[in-house]
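As structure tokens, the structure follows; a few thoughts come after it.
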Amino acid sequence: MRVDIVSIFPEYFAPLDLSLIGKARANGTLRLAVHDLRTWTHDVHRTVDDTPYGGGPGMVMRPEPWGEALDALAPGELSPDGHTLPRLLVPSPAGVPFTQALAHELAAESHLLFACGRYEGIDQRVLDHAATRMPVTEVSLGDYVLFGGEVAVLVILEAVTRLLPGVLGNAGSLDEESHAHGLLEAPLYTKPASWRGLDVPEVLRSGDHARIDRWRRDESLLRTAARRPDMIGALAPETLDKRDRAT
Ligand code: 6GU
């Protein structure tokens, strides 16, 4: 997968050299480039923002540098090497919620382009113009406000990269995780069996895999009901087994 990121703070993306994302970059699974938006300014001050039309607090990112950046990174015509237009993602608290389902959708794309806004946001015409030639999605991490899109891109890229083929050694960990089945994951334990007077639940040491599966499912249901009643409400009734209904 190819990923381009445009930001006025390229230094924010230094952690993408580390750990499993760094490894995915090193082995070519992830072809990532970070670009400084100011590359596409032409005045001595390298201005990227201005006051909002209609008044109001803060500053808005001017459209010209963004227009040139998107022209450079998403050229309009299909090139002979068969490259496709990217999907443009714009982190914003006004976007659609970022979910595991959206992470799966993005992991299936061949090219993502992230536009990181700062200040109050980017002039709407940048998104409207881009939408005439590529898919554009404004994405929100949740119901709170960040200074800008950079940290959101780190989060989104981490969720997407771990879904790329070959990135996780054990593909089973994708299937068992929280959100894979619409429930939160059950508690996890490792050695020692007893620690500071706290014992690992006996069932997990029983070797009885049917009992272990049942225990994990019950813990998942209890945890989800306590922490995320919205997810219980969204469960498809046909995914519940007889024992779920009884408890
Ligand atoms: Cl994606 N961006 C910003 N600036 N704030 C946010 C967000 C994104 N998601 C939640 N708050």
Side-chain angles (χ1 to χ4, degrees), residues 1 3 19-21 23-24 29-30 87-112 114 135-144 146 151-191 193 195 198-247:
M1 167 183 280
V3 174
S19 186
L20 291 170
I21 295 188
K23 200 171 149 195
T29 304
L30 182 64
R87 176 159 175 183
L88 180 62
L89 295 163
V90 185
S92 160
V96 299
F98 184 61
T99 59
Q100 191 65 20
L102 183 50
H104 277 281
E105 200 182 308
L106 299 183
E109 301 276 359
S110 55
H111 186 185
L112 303 177
F114 289 96
V136 179
T137 311
E138 290 183 75
V139 190
S140 168
L141 293 193
D143 296 338
Y144 44 82
L146 306 172
V151 168
V153 169
L154 291 173
V155 170
I156 293 166
L157 258 189
E158 183 153 326
V160 170
T161 304
R162 63 191 291 286
L163 299 177
L164 298 177
V167 170
L168 280 190
N170 177 5
S173 45
L174 282 183
D175 187 55
E176 307 260 320
E177 69 199 12
S178 288
H179 299 286
H181 304 288
L183 291 173
L184 303 182
E185 197 179 29
L188 299 168
Y189 298 89
T190 185
K191 288 169 272 303
W195 179 76
L198 301 172
D199 294 340
V200 171
E202 179 276 325
V203 52
L204 296 180
R205 311 207 294 130
S206 69
D208 180 343
H209 289 288
R211 250 183 93 214
I212 291 170
D213 287 349
R214 186 66 249 174
W215 181 86
R216 286 187 169 147
R217 181 151 177 95
D218 287 342
E219 290 294 317
S220 282
L221 286 163
L222 288 168
R223 208 177 231 202
T224 307
R227 299 175 182 180
R228 293 293 303 275
D230 58 307
M231 288 173 69
I232 295 288
L235 278 181
E238 64 273 17
T239 66
L240 297 177
D241 62 33
K242 262 196 216 137
R243 167 67 190 278
D244 291 342
R245 293 166 203 278
T247 51

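A quick note: this is a predicted structure, and the numbers were derived from the prediction, not measured. All values below come from the heavy atoms of this structure, side chains included, with hydrogens, waters and symmetry mates left out.
- Rounded to the nearest 0.5 Å, atoms CD (Glu158) and CG (Leu163) are 11.0 Å apart.
- A salt bridge does not link Asp199 with Arg205: every distance from a Lys NZ or Arg NE/NH1/NH2 to an Asp or Glu carboxylate oxygen is 4.0 Å or more.
- Between Arg211 and Trp215, the closest side-chain pair of non-hydrogen atoms is not below 4.5 Å.
- Looking at every heavy atom in both residues, Arg245 comes nearest to Pro237 through NH2-O, 3.4 Å.
- Shortest non-hydrogen contact noted between Ser140 and Gly95 is CB-O, 3.7 Å.
- Smallest separation of non-hydrogen atoms from Ala152 and Leu141: CA-CD1, 3.6 Å.
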Tell me, with the steps shown, if Arg243 and Arg217 meet side chain to side chain contact (heavy atoms under 4.5 Å, CB included).
-> CA-CA 10 Å; Arg243 167 67 190 278; Arg217 181 151 177 95; over 6 Å; no
Just do the salt bridge (Lys or Arg N to Asp or Glu O under 4.0 Å) check on Asp241 and Arg214 with the steps written out, would you?
-> CA-CA 11 Å; Asp241 62 33; Arg214 186 66 249 174; 2.8 Å; yes
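- Counting all heavy atoms, side chain and backbone alike, Leu102 lies closest to Pro97 at CD2-O, 4.0 Å.
- Using a 4.5 Å heavy-atom threshold, the side chains of Glu109 and Val160 count as separate.
- Distance check: Asp244 CG to Leu221 CG gives 5.0 Å after rounding to the nearest 0.5 Å.
- Between Ile232 and Leu235, the closest side-chain pair of non-hydrogen atoms falls below 4.5 Å.
- A side chain to side chain contact (heavy atoms under 4.5 Å, CB included) with Phe98 holds for exactly one of Leu89, Thr137, Val139; it is Val139.
- Taking a 6.0 Å sphere around CG of Asp230, one finds it holds more than 12 heavy atoms contributed by other residues, nucleotides or ligands.
- Contact detail for Pro93 and Tyr144: the closest heavy-atom pair is CB-O, 4.0 Å.
- Using a 4.5 Å cut-off on side-chain heavy atoms (C-beta onward), Val203 and Asp208 make no contact.
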Steps toward side chain to side chain contact (heavy atoms under 4.5 Å, CB included) verdict (Leu204, Arg216) = CA-CA 9 Å; Leu204 296 180; Arg216 286 187 169 147; 4.3 Å; yes
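- Taking every heavy atom of both residues into account, Pro91 and Val153 meet most closely at CG-CG2, 3.7 Å.
- Using modelled atom types, one side-chain atom of Ser220 and one backbone atom of Leu184 make a donor-acceptor pair closer than 3.5 Å.
- The OG1 atom of Thr161 lies 5.0 Å from the CG atom of Leu30; values are rounded to the nearest 0.5 Å.
- Looking at Arg223 and Asp218, no side-chain N of the basic residue comes within less than 4.0 Å of a carboxylate O on the acidic one, giving no salt bridge.
- With a 4.5 Å cut-off on side-chain heavy atoms, Arg162 and Leu20 do not count as touching.
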